[in-house]
Each structure stands twice: as C-alpha cells, then as structure tokens.
Asks: 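Could you have a look at this structure, given as structure tokens, before my questions?
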Amino acid sequence: MTCFMDHRDLSRATATGYLFLLLLFSSFINIWSSCSNGSCQVVDSCSHSTDCGPGLFCGNCPALGKTQPFCIRGQATIPTSVIGGLPFNKYSWLVTHNSFSIVGAPALPGVQRFTFYNQEDTVTNQLKNGVRGLMLDMYDFNGDIWLCHSFRGQCFNFTAFQPAINTLREVEAFLSKNPSEIVTIIIEDYVHTPKGLTKLFKNAGLDKYWFPVSKMPKKGEDWPTVTEMVKANHRLLVFTSVASKEEEEGIAYQWKYLLENEAGDPGVKPGSCPNRKESQPFNSKTASLFLMNYFPTYPVEDEACKEHSARLADRIRTCYKAAGSMMPNFLAVNFYLAGAPFGSCKNISMPTPSPMTNSVGSFSGPVQFSTSTSTVYHPNHLMIALFSFPWMISLFF
C-alpha cells in the first residue's frame with residue numbers, strides 16, 4: 001500500500017505513527033510515575049492495599065458504578081484530635097448499629113442461625129477504627145445475659161450471638177489501653193434479671209469507668225468537657241431503653257437524655273427526618289444529645305458504600321434542620337467499614353433552620369441464614385467526624 005501513497009499520505013501516516021508512539025510513551029510515563037508502595041492518597045487509583053498510605057485501604061463501590069479501586073480511609077477521625085476540650089455534647093461520634101451482629105460470627109454448636117447481620121468487623125476492631133458508640137441488644141438467655149438479634153423480646157438459640165460479657169470485656173480492654181478515650185453503649189434492653197446489668201458491667205470491669213447518672217445534664221445544658229470526663233475517669237456512658245432501670249440500677253434512661261430520629265427505612269427517606277415515637281420531640285429543651293439513625297430496615301452489605309456517600313451528607317443536613325439546628329452527637333450506621341470510593345474532606349455549611357418534622361415510622365428487620373451471608377471482607381471505609389464550635393462536618397468517602 002505504501003507504494004501507492006503520495007507524499008501527503010506518507011507524511012500523514014508518519015505523523016500518526018509519531019502520535020501513537022508519543023501516546024504510548026506517555027502511558028509508560030504515567031505508569032512509571034503512578035503512586036505505589038504506600039504513596040497513594042485518598043481517591044488515588046490503586047491495585048493493592050499496600051499502594052495506599054497509612055490508614056488507607058484499596059477498594060471500590062460497584063453499587064455506585066465505581067468499579068475501579070481507589071484509596072479510601074480505614075479509620076474515623078477522632079473529633080477530639082481536631083478540637084479538644086469541648087463539652088461532650090459538642091462532638092459527634094460514629095456508632096455501629098447492632099455492633100455485635102457480625103457477618104461470620106459463629107453460631108451455637110449444631111444450630112443454624114436465622115437472623116440478620118449489620119457489621120463485618122469485630123467490636124475490638126470497630127473501636128480501634130474510630131467507632132465510639134455501640135448499640136447492643138441484651139437478653140436473658142441460658143441463665144446469663146446474651147447479645148441476640150431476635151424478636152418478641154425473647155432470645156432463641158437461632159438468634160443468639162454470644163454472652164454480653166465477652167463484648168463488654170473487649171470494651172474494657174480498649175478503655176484500659178486508651179486512657180483518653182470515651183465510649184458510649186446504648187442498650188436495647190430485654191433483661192429482666194434483677195440487677196442483671198449492674199452485675200454484668202461490674203463483672204466485665206467497666207464499673208470503674210461509669211459516668212454517673214447524677215452528673216448527667218437534665219435541662220438541656222452542656223455536658224462536662226471531654227477533658228473533665230477523662231480526668232474523672234467517667235469514660236463510659238451507658239443508656240438503657242427501660243425507664244425503671246435509672247432508679248433501680250443507676251443506668252440512664254435513653255430517651256430522657258437523647259433525642260432520636262426514626263430507625264430503618266423512615267430514617268433514610270430523602271427529605272425527611274421523623275422523630276422516633278419513644279423520643280422526646282425534636283424541639284425539646286431538656287435533652288442535649290442527639291442520636292441520628294442512618295440505616296435501612298433491610299441491611300445489605302454491598303449497598304452500604306452507596307448509602308454512606310452523598311446520601312449521608314444530605315441526611316445530616318435534613319436532620320440538622322429537623323432537630324432545630326442541632327447536629328447529631330451519635331451517628332449510627334450499618335457496615336461502618338463500607339464507604340464510597342470518592343470524595344474528600346470538606347466543610348459543609350448548614351442551611352437556615354426550617355420547621356421541624358414530627359412524623360413517625362416503624363422498624364423491623366430482615367432475616368438471613370448465616371450460610372447465605374456474603375464473605376467477610378474490608379472493602380471501602382466510611383469516615384465521619386463531626387465537630388462543633390464551630391460545627392463542621394468532615395466526610396471522608
């Protein structure tokens with residue numbers, strides 16, 4: 001064919017060849033200059049976890065159409081590391097919903113577990129990765145107090161996970177090793193054994209960290225500063241869903257101190273943030289803490305990274321307005337390790353408050369055979385740190 005090319009065609013072909021070589025050379029340059037061996041930063045492309053810098057992991061989010069792996073954060077930014085010494089209610093903390101309901105957790109011998117799962121990491125790792133609040137469902141079972149993901153207020157062998165003291169000892173070990181950290185436990189309480197929770201926490205060695213109910217603000221005023229709480233070793237806040245236990249056992253009644261939005265699908269519906277029916281109204285002036293639930297009724301692990309992307313920032317804005325310009329102090333999520341593989345740290349300005357929403361919803365959970373759950377993995381990581389004075393939201397997707 002070149003025998004019949006005129007000079008112009010030959011020049012054009014030569015130029016095309018040079019362009020191809022230039023592009024090829026450029027691609028080699030890009031490959032040679034791309035990050036690797038721990039030098040990749042947030043949102044940089046990666047092919048292996050070792051490519052990403054400290055505290056970062058390599059993952060993707062197919063649910064968002066993001067199939068190429070990126071570096072994403074694997075640990076929450078502890079808000080006190082950014083702004084220290086503020087009252088406890090001027091911070092926001094990452095909370096895991098059903099912290100104990102872990103994919104791959106062994107069932108009782110000879111029993112097929114029939115329940116649903118909300119996390120993919122151990123409680124110890126949750127705490128190491130920046131989680132500072134645990135939601136635990138406690139029941140009387142087998143002559144002890146167990147963590148169960150059950151129904152009708154009763155624990156069954158096919159909904160049981162493990163004795164609650166095992167998880168509480170993980171918390172004690174963390175607090176012992178980290179003397180400046182504060183942890184909150186929110187109990188969905190089905191324990192009827194007299195003084196059962198008191199004995200449980202004492203046997204776990206957690207009574208020495210107990211924040212006394214007598215020192216909890218009851219008129220909407222500020223909490224002690226985190227510095228004061230650490231100095232007094234009042235580093236464990238415990239709330240129960242049973243009102244009578246505040247007087248009987250000295251355990252704070254959850255909805256006396258915390259405002260809360262509806263859990264499940266009503267709590268993630270775009271544009272609304274309904275008040276949970278057990279909670280005080282959002283315009284209450286007696287509670288100075290706000291628990292924001294952000295998880296769907298049916299937990300789907302592969303969808304979590306999508307839920308934890310821009311939707312989460314929108315939900316915070318919505319609930320901020322619904323709660324009368326009150327930022328959530330506790331942000332409860334499923335599969336806390338799942339985050340979107342894009343985005344960066346950013347400040348989000350909060351809009352002018354609008355009238356509050358007071359509608360309510362309901363919550364029920366799905367069921368899932370333990371053998372049908374997805375494989376335990378650590379894909380993309382949700383990074384949330386909310387700070388106040390001034391309020392800021394740092395979302396690391």
Side-chain angles (χ1 to χ4, degrees), residues 78-95 132-135 175 180-187 207-261 273 275-293 316-317 319-332 350 352-358 384-393:
I78 306 303
T80 51
S81 69
V82 179
I83 304 176
L86 300 180
F88 181 77
N89 60 301
K90 298 300 182 182
Y91 297 96
S92 292
W93 313 91
L94 181 60
V95 176
R132 290 297 177 268
L134 306 173
M135 287 181 161
L175 289 174
S180 63
E181 298 297 335
I182 300 169
V183 173
T184 300
I185 294 178
I186 301 170
I187 303 172
D207 54 325
K208 57 182 173 289
Y209 304 113
W210 199 272
F211 191 104
V213 171
S214 61
K215 294 185 179 294
M216 291 186 176
K218 298 174 176 60
K219 297 181 180 180
E221 64 269 35
D222 281 341
W223 282 64
T225 67
V226 291
T227 303
E228 292 168 340
M229 292 170 67
V230 168
K231 185 177 180 179
N233 207 30
H234 293 158
R235 299 190 291 120
L236 178 67
L237 282 70
V238 182
F239 298 96
T240 174
S241 58
V242 178
S244 62
K245 291 192 178 180
E246 179 160 330
E247 181 177 349
E248 295 168 356
E249 301 192 54
I251 304 175
Y253 176 51
Q254 175 179 345
W255 293 295
K256 185 176 180 179
Y257 304 92
L258 278 73
L259 303 179
E260 184 177 359
N261 70 312
C273 186
N275 198 124
R276 180 165 179 162
K277 59 181 179 294
E278 297 92 344
S279 170
Q280 301 178 56
F282 280 152
N283 60 0
S284 170
K285 301 301 181 183
T286 61
S288 51
L289 294 174
F290 176 25
L291 166 62
M292 177 182 146
N293 294 305
I316 293 173
R317 292 190 188 95
C319 287
Y320 171 83
K321 293 192 295 182
S325 303
M326 187 175 184
M327 287 292 293
N329 301 105
F330 303 104
L331 178 56
M350 287 301 164
T352 303
S354 62
M356 291 167 283
T357 303
N358 291 310
I384 299 188
L386 309 178
F387 314 109
S388 179
F389 199 38
W391 283 109
M392 296 186 298
I393 302 179

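Starting from 1, each residue takes its place in the sequence as its number. When reading the values below, keep in mind they use all heavy atoms of this one structure, side chains included, and skip hydrogens, waters and symmetry mates.
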Asks: Do any N or O atoms from the side chain of Tyr91 and from the backbone of Ile83 form a donor-acceptor pair under 3.5 angstrom?
Replies: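 A pair under 3.5 Å: yes.
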Asks: Can you see which heavy atom on Ser288 is nearest to which on Gly220, and at what distance?
Replies: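 The pair with the smallest heavy-atom distance is CB-O, 3.7 Å.
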Asks: Phe239: which residues meet the ring-ring contact (aromatic ring centres under 6.0 Å, His included) condition with it, sequence neighbours left out?
Replies: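 Per chain and number, Phe239 pairs via ring-ring contact (aromatic ring centres under 6.0 Å, His included) with no residue.
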Asks: Verify whether one side chain among Asn329 and Asn89 offers a donor that lies under 3.5 Å from an acceptor in the other.
Replies: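 No donor-acceptor contact under 3.5 Å links the two side chains.
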Asks: Report the residues that fulfil ring-ring contact (aromatic ring centres under 6.0 Å, His included) with Tyr253, sequence neighbours left out, ordered by chain and then residue number.
Replies: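 If we apply the ring-ring contact (aromatic ring centres under 6.0 Å, His included) test to Tyr253, skipping adjacent residues, the hits are Trp255.
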Asks: Could you tell me which residues satisfy side chain to side chain donor-acceptor pair (under 3.5 Å) with Lys208, sequence neighbours excluded, listed by chain and number?
Replies: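 Expected list: Glu172.
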Asks: Is there a donor-acceptor pair closer than 3.5 Å between any side-chain N or O of Arg235 and the backbone N or O of Val230?
Replies: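 Not a single qualifying donor-acceptor pair exists.
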Asks: So how far is it from Arg132 CZ to Ile182 CD1, rounded to the nearest 0.5 Å?
Replies: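 Reported value, rounded in 0.5 Å steps: 10.0 Å.
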Asks: Report yes if the distance between the aromatic ring centroids of Phe211 and Trp223 is under 6.0 Å, otherwise no.
Replies: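 Aromatic pair counts; centres sit under 6.0 Å.
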Asks: Side chains of Leu175 and Val183: closer than 4.5 Å at any heavy-atom pair?
Replies: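 SC-SC contact between Leu175 and Val183 confirmed.
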Asks: Which heavy-atom pair separates Trp93 from Pro79 by the least distance, and what is that distance?
Replies: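 Answer, listing the atom of Trp93 first, then Pro79: CZ3-CG, 3.7 Å.
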Asks: Please verify the inter-ring angle class for Phe88 with Phe330; under 30° counts as parallel, over 60° as perpendicular, anything in between as tilted.
Replies: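 Ring orientation, 0 to 90° scale: tilted.
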Asks: Is there a side-chain contact between Leu259 and Ser284 in this structure, where contact means two heavy atoms from C-beta onward sitting under 4.5 Å apart?
Replies: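 When only atoms from C-beta onward are counted, Ser284 and Leu259 do touch, with a gap below 4.5 Å.
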Asks: Donor-acceptor pair, distance only, cut-off 3.5 Å: does the side chain of Glu228 make one with the backbone of Thr225?
Replies: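 Pair found, side chain donor or acceptor close to backbone of Thr225.
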Asks: Is there side-chain contact between Pro212 and His234, with heavy atoms separated by less than 4.5 Å?
Replies: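 Counting from C-beta outward, Pro212 and His234 do come under 4.5 Å.
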Asks: Nearest 0.5 Å, what's the OG1-CD1 distance between Thr240 and Ile186?
Replies: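 With rounding to 0.5 Å, OG1 (Thr240) is 11.0 Å from CD1 (Ile186).
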Asks: Is there a side-chain contact (heavy atoms from CB on, under 4.5 Å) between Gln280 and Glu260? Walk through the geometry before answering.
Replies: CA-CA 8 Å; Gln280 301 178 56; Glu260 184 177 359; over 6 Å; no
Asks: Would you indicate whether the side-chain heavy atoms of Lys218 and Thr286 approach each other to under 4.5 Å?
Replies: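 No - every pair of side-chain heavy atoms lies 4.5 Å or more apart.
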Asks: Kindly indicate whether the side chain of Leu236, heavy atoms from C-beta on, has any atom under 4.5 Å from the side chain of Ile185.
Replies: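 Answer yes - side chains close enough.
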Asks: Look only at the side chain of Lys277 and the backbone of Asn275, and say whether a donor-acceptor pair between them is shorter than 3.5 Å.
Replies: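 No; judged by distance alone, with no hydrogens or angles, the pair does not exist.
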Asks: Is any side-chain heavy atom of Met135 closer than 4.5 Å to one of Leu291?
Replies: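 Counting from C-beta outward, Leu291 and Met135 do come under 4.5 Å.
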Asks: Step through the shown structure and confirm whether more than 12 heavy atoms of other residues, nucleotides or ligands are within 6.0 Å of NZ on Lys285.
Replies: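 Atom NZ in Lys285 is not packed in, count stays at 12 or less.
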Asks: For a quick test of reading the model, state the closest non-hydrogen atom pair linking Trp210 to Gly250 and the distance between them.
Replies: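 That closest heavy-atom pairing would be NE1-O, 3.5 Å.
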Asks: Give me the atom names and distance for the closest heavy-atom approach of Ala252 to Tyr257.
Replies: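 Scanning both residues completely, I find the closest heavy atoms to be CB-CE1, 3.6 Å.
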Asks: With a 3.5 Å distance limit and no angle check, can you tell me whether Glu221 reaches the backbone of Lys219 through a side-chain donor-acceptor pair?
Replies: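 A pair under 3.5 Å: yes.
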Asks: Hey, does Cys319 have a side-chain heavy atom less than 4.5 Å from the side chain of Phe290?
Replies: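 They are in side-chain contact.
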Asks: For the backbone of Asn293 and the side chain of Asn261, can you confirm whether one donor and one acceptor N or O come within less than 3.5 Å of each other?
Replies: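 Judged by distance alone, yes, a pair lies under 3.5 Å.
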Asks: Working to the nearest 0.5 angstrom, can you tell me the gap between Cys273 SG and Met292 CE?
Replies: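 Spacing of SG (Cys273) from CE (Met292) equals 6.5 Å.
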Asks: Looking at side-chain heavy atoms only, is the closest gap between Met327 and Ile316 below 4.5 Å?
Replies: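 The answer is yes, as the side chains (C-beta and beyond) meet within the 4.5 Å cut-off.
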Asks: Any idea which heavy atoms bring Gln254 and Ile187 closest together, and the distance?
Replies: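 Minimum heavy-atom separation between Gln254 and Ile187: OE1-O, 4.4 Å.
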Asks: With rounding to the nearest 0.5 Å, note down the distance linking OG in Ser279 to NZ in Lys256.
Replies: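 If I round to the nearest 0.5 Å, the distance is 14.5 Å.
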Asks: What is the minimum heavy-atom distance between Met326 and Ala287, and which atoms define it?
Replies: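 Between these two residues, the closest heavy atoms are CE-O, 4.2 Å.
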